[in-house]
Amino acid sequence: MTNTFPHLRQDFTASLVVFLVALPLCVGVAVASGVPAELGLVTGIVGGIVTGLMRGSSLQVSGPAAGLTVLVFESVQQFGLPALGVIVLVSGVLQMTMGALRLGRWFRAISVSVVEGMLAGIGLVLIAGQLYPALAAEAPDSGPGKIAGLPGALADALGDADALASLALGAGTIAVLVLWKLAPAAMRVVPGPLAAVGLATLAAMALGLPVATVEVQGLLGSIQPPPLSAFGELAGLGVLGTIVAFTLIASAESLFSAAAVDRLHDGPRTAYDKELFAQGAGNTICGLLGALPMTAVIVRSAANVQAGARTKASRVLHGVWLLLFAALLPDVLGYIPIPALAGILVYSGAKLIPVRALAVLWRESRGEALILVVTAVSIVAVSMFEGVLIGLALAIGKTAWEASHVRLEFVDKGAGPVEAYLSGNATFLRLPKILDSLEALPTDRPVRLDLSGLHHLDHACRTALESWAERHSSAGTEPVRLTTAR
């Protein structure tokens, strides 16, 4: 056995750690997404056993992610739970197609500022949304509504004993998560999320706190493959837009996570196209089961590496442990307080907001920092899909503007021709500025226009410069002399 599986001991230990980290997160993401808690476990099981067995990133762990919670909740509210299965299924097929076409590596070209802005926006909406269950209140539907309604919800809670008990339990959960790293090493063997939920559950039971708990339906009762009628939703633009959003966001998050995980270990590097295909296969099965979408999750992946995992066996085993728990101990979920899960997701949402990265960007590139902030604010103010599109449009616009940087200098010695030097990238984006400067030259002076410093001269600029040269020369002045690169 040792020769066949040389790292079995390390992988077995790591799988238990990842299982304990994943369990409360799977349940919390499902509850926050507005679906049965067991569906979060189903996605974790598929992510561990199916995606875990496939090639791609050997130490990365997949499952339901906090980053998709907002989009899943909006989809369930707008289209219904059966349509969610169709959306996840088609998204998975698209991911497999992109992986087969070797498009996975191109996701590394997505602006980091857009991705971090996306995560920040998700984090803000997640925090605002989960503060309501922590206050035993009903959350508004829109992002701005969630934020605007918080002061009123807090004021109402101050006069309600049940709401104060719920808030105290949620705040206590966050406190345990924040302070767990200061606990003795022997206690830190238990992952922070599990410790926080466990302590909150014990406190609620011991003190008889009047707080809401997770509703249990049973694993088989929760699995509801989408009916054929649900595929009719594919005719709607709203569903198609949601599928595109799921596909792009889940793929980008998974492949960015893979790049981060590669920096944590010295083992085999990620094969991006194969990893994208593996994520698609997992999402296809999740869709067929009517479960949540999956992505690679950096929290579980980092825990896997830090626990000493050496091969993909650790993530496969973690899926097996989730399956055994869901099959044998589902009633345990019914004791978990909703405010505790809300506390975990508030904490997770806060970690999605890249405060340090934003500070560094502000010092180094304020344009990139602006893209991050606008993307995040757009997601909160409008929606996930539109917010990401706005961020991508800004990133493309910024790149186009920088790529079209051009410099026009004049040397006028008072007599003889005016010497003009054009350098950089002359594109149609800067053409108005170039022409304004050239047309301001006196028409009775000869001009020598040196283009040898240009890296790029597009057709629009070349045509416009030639036309200007003809006009300038037609006034009886010595013809404009153009010098191009050799």
Side-chain angles (χ1 to χ4, degrees), residues 20 23-41 64 66 69-70 72-73 76-77 81 125-141 145-180 183 190-219 221-222 292 325-326 329-350:
L20 295 174
L23 179 61
L25 292 176
C26 286
V27 176
V29 169
V31 172
S33 300
V35 304
E38 290 86 349
L39 290 183
L41 295 176
T69 301
V70 176
V72 173
F73 182 83
V76 172
Q77 294 297 309
L81 188 55
V125 177
L126 194 59
I127 291 171
Q130 290 305 304
L131 286 174
Y132 285 91
L135 293 167
E138 189 73 23
D141 292 334
K146 288 182 174 70
I147 294 174
L150 281 175
L154 182 59
D156 293 340
L158 294 177
D160 187 333
D162 291 356
L164 286 176
S166 180
L167 178 60
L169 203 60
T173 302
I174 297 172
V176 171
L177 289 167
V178 172
L179 300 175
W180 194 247
V190 179
L194 184 68
V197 170
L199 290 172
T201 302
L202 291 174
M205 294 173 63
L207 300 175
L209 297 179
V211 295
T213 56
V214 174
E215 294 183 9
V216 178
Q217 297 184 11
L219 187 62
S222 299
L292 291 172
F325 177 87
L329 300 171
D331 292 341
V332 173
L333 299 176
Y335 295 100
I336 299 177
I338 296 294
L341 297 177
I344 283 184
L345 290 173
V346 167
Y347 179 77
S348 299

Handout entry: 4.5 Å side-chain heavy-atom contact, Ile338 and Val214
Key = yes

Exercise for the section: State, yes or no, whether a side-chain contact exists between Ser33 and Leu292 at a heavy-atom distance under 4.5 Å. Expected result: yes

Closest non-hydrogen atom pair, [X] against [Y]:
| X | Y | value |
| --- | --- | --- |
| Pro133 | Gly129 | CD-O, 3.1 Å |
| Pro36 | Ala30 | O-CB, 3.6 Å |
| Val31 | Ala37 | CG2-CB, 4.2 Å |
| Leu20 | Pro191 | CB-CG, 3.6 Å |
| Ser222 | Leu39 | O-CD2, 3.4 Å |
| Ala32 | Leu345 | CB-CD1, 3.3 Å |

Problem - Of Val346, Val29, Thr69, the residue whose pairing with Leu126 passes side-chain contact (heavy atoms from CB on, under 4.5 Å) - result: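 By the side-chain contact (heavy atoms from CB on, under 4.5 Å) criterion, Leu126 pairs with just one of Val346, Val29, Thr69: Thr69.
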
Problem - Check: Ser166 side chain, Ala134 main-chain N or O, donor-acceptor pair, under 3.5 Å - result: yes

Handout entry: Whether Tyr132 side chain and Leu150 backbone form a donor-acceptor pair below 3.5 Å
Key = yes

With a 3.5 Å cut-off and sequence neighbours excluded, list the donor-acceptor pairs that the side chains of residues 198-205 form with protein atoms.
unit_1: Thr201; atom_1: OG1; unit_2: Val197; atom_2: O; d: 2.8

Which pairs would a plain distance check flag for residues 152-165, meaning a side-chain donor or acceptor within less than 3.5 Å of a matching protein atom at least two apart in sequence or in another chain?
unit_1: Asp160; atom_1: OD1; unit_2: Asp162; atom_2: N; d: 2.9
unit_1: Asp160; atom_1: OD1; unit_2: Ala163; atom_2: N; d: 3.4

Handout entry: Distance in Å, Leu23 CG paired with Phe325 CZ, rounded so as to fall on 0.5 Å steps
Key = 4.5 Å

Report all side-chain donor-acceptor pairs from residues 167-180 shorter than 3.5 Å, counting only partners two or more places apart or in another chain.
unit_1: Thr173; atom_1: OG1; unit_2: Leu169; atom_2: O; d: 2.9
unit_1: Trp180; atom_1: NE1; unit_2: Val190; atom_2: O; d: 2.9

